[in-house]
Amino acid sequence: MTLTTHSPLTVTLGSSGVTPEDVVAVARHDAQVTIAQDALDAVAKVRAHIDDLAHSETPAYGISTGFGALANRHIPNELRTQLQKSLIRSHAAGMGPAVEREVVRGIMFLRAKTLASGRTGVRPVVLQTMVDVLNAGITPLVREFGSLGCSGDLAPLSHCALVLMGEGEATGPDGQLYGGKNSGKGRRPVAELLAEHGIEPVTLAEKEGLALVNGTEGMLGMLLMAIADLRQLLTTADITAALSVEALLGTDQVFLPELHAALRPHPGQAASADNMLRVLSNSPIVASHRINDTKVQDAYSLRCAPQVAGAVRDTVDHAALVASRELAAAIDNPVVLPDGRVSSNGNFHGAPVAYVLDFLAIAVADLSSIAERRTDRMLDPARSHGLPAFLAADPGVDSGLMIAQYTQAGLVSDNKRLAVPASVDSIPSSAMQEDHVSMGWHAARKLRRAVENLRRVLAIELVTSARALDIRTQLSGGHLSPGPAGAAVIAALRDVVDGPGTDRFLSPELEAADALLASGKVRAAAESAVGNLA
């Protein structure tokens with residue numbers, strides 16, 4: 001798999017796998033996908049073997065039999081096309097709101113990756129059609145509920161497969177919705193959308209229905225995107241924490257390197273401590289109270305920031321290791337082995353992915369919690385060391401950032417609820433054939449929301465610490481100013497959020513700060529002053 005970064009992005013799909021960057025490029029940035037000839041040749045070779053089995057008198061699961069609890073029924077040749085159609089139609093049973101476009105694109109690309117492995121037994125035309133749909137910007141409509149994270153993300157993948165058949169629901173590149181129950185009554189059928197892009201609907205042959213739906217692509221795609229987001233946010237969290245330490249007249253000495261890797265060799269902790277120390281470097285505010293400071297120790301939310309953020313870093317690294325293994329997998333049931341055997345297995349069970357999705361949600365909840373504690377401290381005159389109540393221009397007349405902290409607390413509370421593991425639950429299905437499931441899809445869905453909440457929490461901490469630092473500078477007559485990194489970050493924020501003043505409509509400013517974090521400009525601003533951060 002290769003990725004070129006010129007516009008448009010292009011990913012070449014071979015038989016050897018993909019990278020996390022490939023998945024993000026296709027899912028989020030509409031990278032075009034091409035299929036290497038060696039992958040098409042491998043797919044065709046394995047399909048010839050499946051055709052031989054399909055015409056054999058010996059039943060083969062998923063090829064000449066039913067599925068799941070109905071696997072004991074032998075299906076005659078004349079009914080096998082109908083079997084494939086019935087499988088996809090019946091399994092496309094999701095309900096609820098549509099999931100995000102990037103999630104659907106990630107699902108389809110990852111399933112295309114598995115098809116290209118040559119272990120699933122589909123014809124090359126099935127793989128090519130899936131890639132063509134991706135490249136055309138057509139997005140199957142996948143609904144929130146339907147996957148139990150076992151036997152693959154069945155319903156989400158079936159909604160995608162239905163579109164390859166010219167059925168179901170999908171949006172075109174312009175966002176217009178096609179198909180569904182209103183097809184012919186205001187909506188045009190999906191087959192017409194495919195035809196507009198020169199795509200012929202696929203008539204599925206033996207084995208191909210199962211091959212399109214028996215994977216962990218939904219939960220894996222969301223895990224990979226969450227990891228990419230968290231790697232960006234973790235650096236931002238170190239920056240906002242450092243600005244809060246600066247604003248609260250905290251010490252930078254607890255972030256010295258000799259106190260971290262040498263004494264407690266967790267790599268994430270050392271990285272976060274180094275980031276915070278560098279963001280605080282050359283700060284006149286920090287220097288002003290380094291001597292004769294009456295405080296013995298800073299509060300845990302300041303002093304222990306690297307220990308918490310660093311633990312999240314290490315958790316993300318563990319999740320990335322699990323994701324890399326799953327990304328290297330070729331999951332299907334049955335699967336075609338290199339020696340030609342077609343073997344049933346349980347690799348579709350989502351437990352490995354589900355566990356780390358839940359683990360990340362716990363870590364995200366804690367990181368958002370410690371950030372909120374720093375915000376609250378900056379707004380409390382009893383603990384903020386000379387700052388006005390709620391950083392208001394005229395406390396009592398103005399409320400300052402009081403309710404911004406309420407919003408932050410609500411986001412943190414939501415994250416605590418989202419940290420309850422989904423993977424500990426299991427509801428049996430398929431007449432007790434599938435009697436233990438992973439709920440990995442649900443773990444992924446709640447993690448996406450938790451990551452968004454974390455970004456908003458950090459945006460509020462940034463708005464608060466920036467205002468607190470500006471007030472410190474004003475109160476000192478300009479003598480006490482933040483360090484170069486803090487000044488650069490505040491300057492970037494001031495492009496979209498005004499500085500201290502009388503009360504005003506805050507919601508647009510908080511949303512603008514959130515967008516600034518999402519853009520990566522906060523990290524870029526800090527790095528412009530102190531160099532690359534971990």
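Counting heavy atoms of neighbouring residues, nucleotides and ligands inside a 6.0 Å radius, atom CZ of R449 does not exceed 12 of them. More than 12 heavy atoms of other residues, nucleotides or ligands shown are found within 6.0 angstrom of CG on L79.
Closest non-hydrogen pair, S343 versus L337, comes out as CB-CD1, 4.2 Å. The two residues A305 and M276 have their closest heavy-atom pair at CB-SD, 3.8 Å. Residues R111 and L212 share a closest heavy-atom pair of CG-O, 3.9 Å. Contact record, G152 with S147: O-OG, 4.1 Å, taken as the closest heavy-atom pair. Residues V489 and V522 come closest through the heavy atom pair CG2-O, 3.8 Å. When all heavy atoms of A31 and V11 are compared, the pair lying nearest together is CB-CG2, 4.1 Å.
Under a 4.0 Å N-O distance rule, the pair E100/R28 does not qualify as a salt bridge. Salt-bridge check for R123 with D51: failed, with every basic side-chain N at 4.0 Å or more from each acidic carboxylate O. The pair K446-D358 counts as a salt bridge, with a side-chain nitrogen and a carboxylate oxygen less than 4.0 angstrom apart. Salt-bridge check for E527 with R278: failed, with every basic side-chain N at 4.0 Å or more from each acidic carboxylate O. A salt bridge links D30 to R101: at least one charged side-chain nitrogen sits closer than 4.0 Å to a carboxylate oxygen.
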Please lay out, stage by stage, how R143 and E169 fare under the test salt bridge (charged side-chain N to carboxylate O under 4.0 Å, His left out). CA-CA 10 Å; R143 300 196 177 275; E169 298 172 288; 3.4 Å; yes
For the pair R264 and Q307, evaluate side-chain contact (heavy atoms from CB on, under 4.5 Å) and give the outcome as yes or no after the intermediate values. CA-CA 10 Å; R264 199 184 193 195; Q307 285 75 9; 3.6 Å; yes
Step by step, work out the salt bridge (charged side-chain N to carboxylate O under 4.0 Å, His left out) result for K85 and E167. CA-CA 10 Å; K85 291 180 180 179; E167 302 179 20; 5.9 Å; no
Residue pair T129, D132: steps toward the side-chain hydrogen bond (donor to acceptor under 3.5 Å, both in side chains) verdict: CA-CA 5 Å; T129 302; D132 290 345; 5.2 Å; no
Please assess K113 against E217 for the test salt bridge (charged side-chain N to carboxylate O under 4.0 Å, His left out), listing each intermediate value before the final yes or no. CA-CA 10 Å; K113 178 270 300 183; E217 281 77 13; 5.4 Å; no
side-chain contact (heavy atoms from CB on, under 4.5 Å) assessment of V46 paired with T120: CA-CA 8 Å; V46 174; T120 69; over 6 Å; no
Dump the intermediate steps for side-chain contact (heavy atoms from CB on, under 4.5 Å) on D238 and L533, then the final yes or no. CA-CA 9 Å; D238 293 338; L533 297 171; over 6 Å; no
Stepwise salt bridge (charged side-chain N to carboxylate O under 4.0 Å, His left out) check, K207 with D332: CA-CA 10 Å; K207 178 68 175 66; D332 196 10; 2.4 Å; yes
What verdict does the side-chain contact (heavy atoms from CB on, under 4.5 Å) test give for C160 and V104, after you've listed the backbone C-alpha separation in whole Å, the side-chain angles of each residue and the deciding distance to 0.1 Å? CA-CA 8 Å; C160 294; V104 179; 4.1 Å; yes
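In this model, a donor atom of one side chain and an acceptor atom of the other lie less than 3.5 Å apart for H436 and H349. For the residue pair S272 / R313, a side-chain donor-acceptor distance below 3.5 Å is found, with atom types taken as modelled. For S438 and S423, the side-chain atoms include no donor-acceptor pair closer than 3.5 Å.
Annotation: side chain of V24 is in contact with side chain of H29 (closest heavy-atom distance under 4.5 Å). Side chains of R231 and D317 form a contact here, defined as non-hydrogen atoms less than 4.5 Å apart. No side-chain heavy atom of D153 sits less than 4.5 Å from a side-chain heavy atom of I107. The shortest side-chain heavy-atom distance between I427 and L148 does not fall under the 4.5 Å cut-off. The shortest side-chain heavy-atom distance between L234 and V312 falls under the 4.5 Å cut-off. V122 places none of its side-chain heavy atoms less than 4.5 Å from the side chain of R47. Residues D414 and L418 are in side-chain contact: their nearest non-hydrogen atoms beyond the backbone lie under 4.5 Å apart. The shortest distance between side-chain heavy atoms of L193 and Q176 does not fall below 4.5 Å.
With values rounded to the nearest 0.5 angstrom, R80 atom CZ is found 5.5 Å from E206 atom CD. I138 contributes atom CD1, which lies 8.5 Å from atom OH of Y178 (distance to the nearest 0.5 angstrom). For the atom pair L360 CG and H318 NE2, the distance stands at 8.5 Å (nearest 0.5 Å). The distance from the CG atom of D366 to the NZ atom of K416 is 9.0 Å, given to the nearest 0.5 Å. R455 contributes atom CZ, which lies 8.0 Å from atom CG of L517 (distance to the nearest 0.5 angstrom). To the nearest 0.5 Å, atoms CG (L164) and CE (M130) are separated by 4.5 Å.
With hydrogens and angles ignored, the 3.5 Å screen pairs a side-chain donor or acceptor of S90 with a backbone N or O of S86. Using a distance-only test at 3.5 Å, with no hydrogens or angles considered, a donor-acceptor pair links the side chain of Q84 to the main chain of G209. A distance-only check finds no donor-acceptor pair linking the side chain of R523 to the backbone of T236 [under 3.5 Å]. For T12 (side chain) and A36 (main-chain N/O), no donor-acceptor pair under 3.5 Å exists by modelled atom type. With hydrogens and angles ignored, the 3.5 Å screen pairs a side-chain donor or acceptor of Q32 with a backbone N or O of N135. Listed for the R445 side chain is no donor-acceptor partner under 3.5 Å among the backbone atoms of V99. Side-chain N or O atoms of H442 include none that pairs as donor or acceptor with a backbone N or O of A422 at under 3.5 Å. The backbone N or O of N345 sits less than 3.5 Å from a side-chain atom of N333, completing a donor-acceptor pair. Of the possible donor and acceptor atoms, none in the side chain of S430 sits under 3.5 Å from a partner among the backbone N and O of Q433. Here the side chain of W441 pairs a donor or acceptor atom with the backbone of E144 at under 3.5 angstrom.
Checked against side chain to side chain contact (heavy atoms under 4.5 Å, CB included), S151 has the following partners two or more places apart in sequence or in another chain: L154, N214, F348, E434.
H266 has its ring centre no less than 6.0 Å from the ring centre of H260.
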